[in-house]
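All values below come from the heavy atoms of this structure, side chains included, with hydrogens, waters and symmetry mates left out.
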Amino acid sequence: MSYRDKLRKDLTDDEGKRLMLYRCTAGKQTIGIGHNIEDRGISEAVCELMFQEDIDIAERDALALFPGLYSYSDRRAAALINMSFQLGLQRLGDFRKMRLAVSRGDWNAAADEALDNATG
């Protein structure tokens, strides 16, 4: 075992692994295996990785709500995935009238319902 492998094991044992934010013993916002996100933030590479994962989740959720997603135009599919990204599965799922209009291919009504849901 290399010193790096040993170090990784020791640090993981010492810090634990938490996938949600928590406050460390120094009171700093921390995530992962002792990553002080409050002082260090994240790297560009980590930001891009998280962003891609979030897009993948949004697309999966949009597909669950709109089974015909891949048959829609690119602009329409992208708009629905964008809504899924912004709102999340649960809240977008509450746009029942919009989802019904999408399933009928009534894009004008879907747009009206999306706006109506967003404002009230």
Side-chain angles (χ1 to χ4, degrees):
M1 176 182 288
S2 72
Y3 82 91
R4 260 318 272 199
D5 292 336
K6 172 88 169 93
L7 177 62
R8 289 177 60 86
K9 181 187 178 319
D10 290 347
L11 286 170
T12 302
D13 290 346
D14 293 346
E15 296 288 338
K17 182 192 287 187
R18 298 189 197 174
L19 303 181
M20 300 294 286
L21 284 175
Y22 67 97
R23 291 221 178 261
C24 71
T25 56
K28 301 289 186 168
Q29 287 285 334
T30 306
I31 195 164
I33 302 171
H35 181 84
N36 178 344
I37 200 163
E38 189 171 324
D39 291 343
R40 292 188 58 208
I42 59 173
S43 68
E44 185 69 31
V46 169
C47 179
E48 287 300 318
L49 182 65
M50 289 170 42
F51 185 48
Q52 186 57 57
E53 186 174 272
D54 289 344
I55 289 172
D56 292 346
I57 291 167
E59 185 171 1
R60 182 195 67 215
D61 290 349
L63 185 58
L65 293 171
F66 305 100
L69 183 71
Y70 296 135
S71 68
Y72 309 150
S73 71
D74 286 350
R75 289 184 66 200
R76 289 174 175 154
L80 293 170
I81 295 167
N82 186 309
M83 289 182 72
S84 177
F85 184 96
Q86 300 291 333
L87 298 169
L89 177 65
Q90 188 71 37
R91 286 179 47 213
L92 183 55
D94 290 341
F95 284 55
R96 288 179 181 84
K97 290 180 182 177
M98 184 200 83
R99 291 175 43 223
L100 183 60
V102 168
S103 73
R104 292 190 318 258
D106 187 346
W107 297 103
N108 290 329
D112 290 343
E113 291 298 337
L115 290 173
D116 186 50
N117 266 294
T119 59

Heavy atoms from other residues, nucleotides or ligands near CZ of R4 exceed 12 (cutoff 6.0 Å): no
Straight-line distance of M50 CE to Q52 CD, nearest 0.5 Å: 13.0 Å
Examine F51 and I57 and state if one hydrophobic cluster contains both, with Ile, Leu, Val, Met, Phe, Trp and Tyr joined whenever side-chain heavy atoms are less than 4.5 Å apart. no
Are I55 and L49 connected in the hydrophobic side-chain network, where two residues link if heavy atoms are under 4.5 Å apart? no
What closest approach, in Å, do A109 and R104 show between heavy atoms, and which atom pair accounts for it? CB-NH2, 4.2 Å
Are the charged groups of K9 and D5 less than 4.0 angstrom apart, N to O? no
Do L19 and L11 belong together in a cluster built from hydrophobic side chains that touch within less than 4.5 Å? no
Cation-aromatic face contact R18/Y22, 6.0 Å, 45 degrees: yes
Check: S84 side chain, L80 main-chain N or O, donor-acceptor pair, under 3.5 Å: no
Rounded distance [0.5 Å steps], CG in D61 versus CG in L87: 11.0 Å
Can you tell me if E38 uses its side chain to pair, donor with acceptor, with the backbone of Q29 under 3.5 Å? yes
I'd like to know whether CZ of R23 has more than 12 heavy-atom contacts from other residues, nucleotides or ligands below 6.0 angstrom. yes
Once you round to the nearest 0.5 Å, how far does CZ of F66 lie from CZ of R76? 13.0 Å
Rounded to the nearest 0.5 angstrom, the CD-CD1 distance for E48 and I42 is 9.5 Å
May I ask you to decide if E113's main-chain N or O and N117's side chain share a donor-acceptor pair within less than 3.5 Å? yes
Roughly how far, to the nearest 0.5 Å, is the CZ atom of R91 from the CD atom of Q86? 9.5 Å
Least distance between heavy atoms, I37 atom then I31 atom: CD1-CG2, 4.1 Å
M98 and F85: same hydrophobic cluster, using ILVMFWY side-chain contacts below 4.5 Å? no
If you group Ile, Leu, Val, Met, Phe, Trp and Tyr by side-chain heavy-atom gaps below 4.5 Å, do L92 and L89 land in one group? yes
Enter the distance from R60:CZ to L65:CG here, rounded to the nearest 0.5 Å. 11.0 Å
